[in-house]
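To keep things clear, I will list the structure first and then write my remarks on it.
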Amino acid sequence: MPKRRPPRERIDTVLEKRDNYRKKDRKILSTALYLSSKPKDGASIYMILREANLTKQDQSKFTKEIMIPMQKDGWIEKITYSPRQSVYKITEKGQSALFAAKKLCSEHDLLSKLEAFREFATLF
């Protein structure tokens with residue numbers, strides 16, 4: 001008689017997806033905070049990756065998942081000086097969004113009790 005495999009552990013996909021969204025929101029907020037500390041000069045993608053404790057191998061994934069959506073939503077703008085050199089700067093919309101989030105956290109609003117804002121409060 002063949003041996004029977006042990007049952008596989010069930011993976012809760014809802015929890016996995018929620019964690020991914022939470023991580024993405026945290027990356028967006030931390031990137032916006034970093035760029036707000038450099039409003040005039042901006043920062044290259046390599047400086048942002050270093051701040052996020054990522055390697056250069058993570059650049060394309062980070063650019064696709066974080067930087068391009070932030071650019072489309074109006075958080076940041078990309079200024080290209082040459083094909084290999086571009087700088088990201090935070091926009092007024094991004095600054096106002098950060099200000100609103102900080103205000104919510106400082107006033108202990110009901111929204112600040114949500115997990116995304118709880119993690120955001122630890123960033124600054």
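Reckoned from all heavy atoms, side chains included, excluding hydrogens, waters and symmetry mates. Small disclaimer: the values here were computed from a predicted structure and weren't measured.
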Which pairs count as side-chain hydrogen bond (donor to acceptor under 3.5 Å, both in side chains) when at least one residue sits in residues 47-56, sequence neighbours excluded?
T55-Q57, T55-D58
Taking the side chain as every heavy atom from C-beta outward, state whether L54 and Y46 have any pair of such atoms under 4.5 Å apart.
no
Show which side-chain atoms of residues 69-78 pair as donor or acceptor with protein atoms under 3.5 Å away, not counting sequence neighbours.
none

Atom pairs and distances, donor-acceptor, side-chain atoms in residues 82-89, under 3.5 Å, two or more places apart:
unit_1: S82; atom_1: OG; unit_2: Q85; atom_2: N; d: 3.3
unit_1: K89; atom_1: NZ; unit_2: K40; atom_2: O; d: 3.0

Could you walk me through whether T31 and F62 pass the side-chain contact (heavy atoms from CB on, under 4.5 Å) check?
CA-CA 11 Å; T31 301; F62 185 79; 3.7 Å; yes
Going by side chain to side chain contact (heavy atoms under 4.5 Å, CB included), name the residues that satisfy it together with S36, two or more places apart in sequence or in a different chain.
L33, I90, Q95, L98
I48 vs I66 side-chain heavy atoms within contact, under 4.5 Å:
no
Does a sphere of radius 6.0 Å around CD in E107 hold more than 12 heavy atoms from other residues, nucleotides or ligands, not counting ones at 6.0 Å or beyond?
yes
